[in-house]
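Have a look at the structure below before the remarks.
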Amino acid sequence: NPDMTALPFFYSRWTNPTVRQLEQRIAALEGAEDGIATASGMAAAAALFFGVLKAGDHVIVSDVCYPGVRELASDILSDLGIASTAVNLSDLAAVRAAIRPATKLIHAETPCNPLMRLTDLAALADIAREAGCLLSVDSTVATPVATRPIELGADIVIHSLTKFINGHGDALGGMLLGKKSLIEPIRARVAVRLGASLSAQSAWLILRGVDTLYPRMEAIERNAQKIAEGLEAHPAIVRVIYP
């Protein structure tokens, strides 16, 4: 498989200078060697699953995660002969019990959507290494401001750029990040062939959002903390889950 990023910018579905700049900037924020920008967060998840899994493989997926990802694993992958198991990844004993000889990937989401449950990524990374499988992390809710999963041992990080990183509600996008040795085969295998490439216009809009990511996340955290404290003090509220 050729290194698509080394090719001239002559065919925008393969490589585009604006999209490439976005890939490099998010990779820098995450401490990753490289990244693939996709048309949506779901396209990034599909690129991951179709890029590293084949018939006969097994994937462990967080039991609470973005519904589209859960349904992709449980419905579409099963039709293709790829088994999946939904597990509470905060329960490390349950993760170990779910691992099979055919397990090739553990896919986490932390904080998970919508329960905001946290997963110990460093401990999960140790389990994945012991099992000889990859660990991917959907870090959309955390953003690189709060969590950088690669520093904690994850192999691949996924973002729906549509949400906090874009921050303006006017463009869809996704990103897959990790070591170049992992990312480039996925780019050549599925990102190019399945056609879910990010448009240059959307990449430009998301780059604008990156410029204000840190101050926006500071304001979001400050405001959410006040809301959480207010709800916690309310007599009608049984429990507040806010990490």
Side-chain angles (χ1 to χ4, degrees), residues 1-54 59 61 65-66 68-69 72-73 76-77 104-109 134-144 147-151 154-166 171-210 213:
N1 292 327
D3 180 352
M4 296 296 173
T5 61
L7 298 175
F9 294 119
F10 76 98
Y11 194 66
S12 198
R13 181 166 58 80
W14 290 3
T15 54
N16 173 277
T18 309
V19 174
R20 187 60 186 151
Q21 184 183 49
L22 176 64
E23 291 172 344
Q24 291 170 331
R25 287 189 68 182
I26 303 298
L29 289 177
E30 282 289 359
E33 288 182 1
D34 204 359
I36 306 169
T38 59
S40 67
M42 274 305 304
L48 168 67
F49 289 161
F50 296 141
V52 305
L53 300 171
K54 63 182 185 302
V59 56
V61 180
C65 64
Y66 185 71
V69 174
L72 172 61
I76 296 177
L77 292 187
K104 295 296 190 296
L105 177 69
I106 300 173
H107 179 66
E109 185 174 299
L134 297 173
L135 171 62
S136 60
V137 179
D138 186 329
S139 197
T140 296
V141 175
T143 81
T147 309
R148 286 177 287 278
I150 289 172
E151 295 178 359
D155 298 292
I156 294 174
V157 179
I158 285 183
H159 285 286
S160 171
L161 303 177
T162 309
K163 301 178 176 72
F164 290 126
I165 290 179
N166 177 36
L172 300 177
M175 186 74 76
L176 203 65
L177 302 124
K179 289 183 179 179
K180 195 173 185 69
S181 59
L182 277 173
I183 295 300
E184 202 52 44
I186 296 174
R187 186 193 304 275
R189 178 176 169 82
V190 295
V192 171
R193 293 169 184 163
L194 296 187
S197 304
L198 184 66
S199 73
Q201 176 73 9
S202 292
W204 176 74
L205 289 168
I206 296 166
L207 279 165
R208 167 217 52 189
V210 173
L213 176 62

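One is the number of the first residue; the rest follow in order along the sequence.
A donor-acceptor pair is defined here as one N or O able to donate and one able to accept, closer than 3.5 Å; no such pair exists between the side chain of Ser139 and the backbone of Ala142. Proximity of a side-chain donor or acceptor of Arg189 to a complementary backbone N or O of Ala47 within less than 3.5 Å is not detected.
Phe49 is not listed as a side-chain neighbour of Val190, based on a closest heavy-atom distance of 4.5 Å or more. Inter-residue side-chain proximity for Thr38 and Leu198 is flagged as unmet; no heavy-atom pair is nearer than 4.5 Å. Side-chain atoms of Thr18 and Leu22, non-hydrogen and from C-beta on, never get closer than 4.5 Å to each other. The shortest side-chain heavy-atom distance between Val69 and Met42 falls under the 4.5 Å cut-off. Residues Ile26 and Val210 have side chains in contact (heavy-atom distance under 4.5 Å, counting atoms from C-beta outward). The shortest distance between side-chain heavy atoms of Asn166 and Arg208 falls below 4.5 Å. When side chains are defined from C-beta on, Ser181 does not count as touching Glu33, because their heavy atoms never get closer than 4.5 Å. Residues Leu29 and Ile165 form no side-chain contact, since every pair of their non-hydrogen atoms from C-beta on lies 4.5 Å or further apart.
The two residues Leu177 and Ala32 make their nearest non-hydrogen contact at CB-CB, 3.9 Å. Closest of all the heavy-atom pairs between Thr140 and Ser160 is OG1-N, 2.8 Å. Counting all heavy atoms, side chain and backbone alike, Gly31 lies closest to Ile150 at O-CG2, 4.0 Å. Across every non-hydrogen atom of Ser136 and His107, the tightest pair is OG-ND1, 2.7 Å. Of all heavy-atom pairs between Glu23 and Met175, the closest is CA-CE, 3.7 Å.
In this structure, Asp34 CG and Glu184 CD are separated by 6.0 Å, a value rounded to the nearest 0.5 Å.
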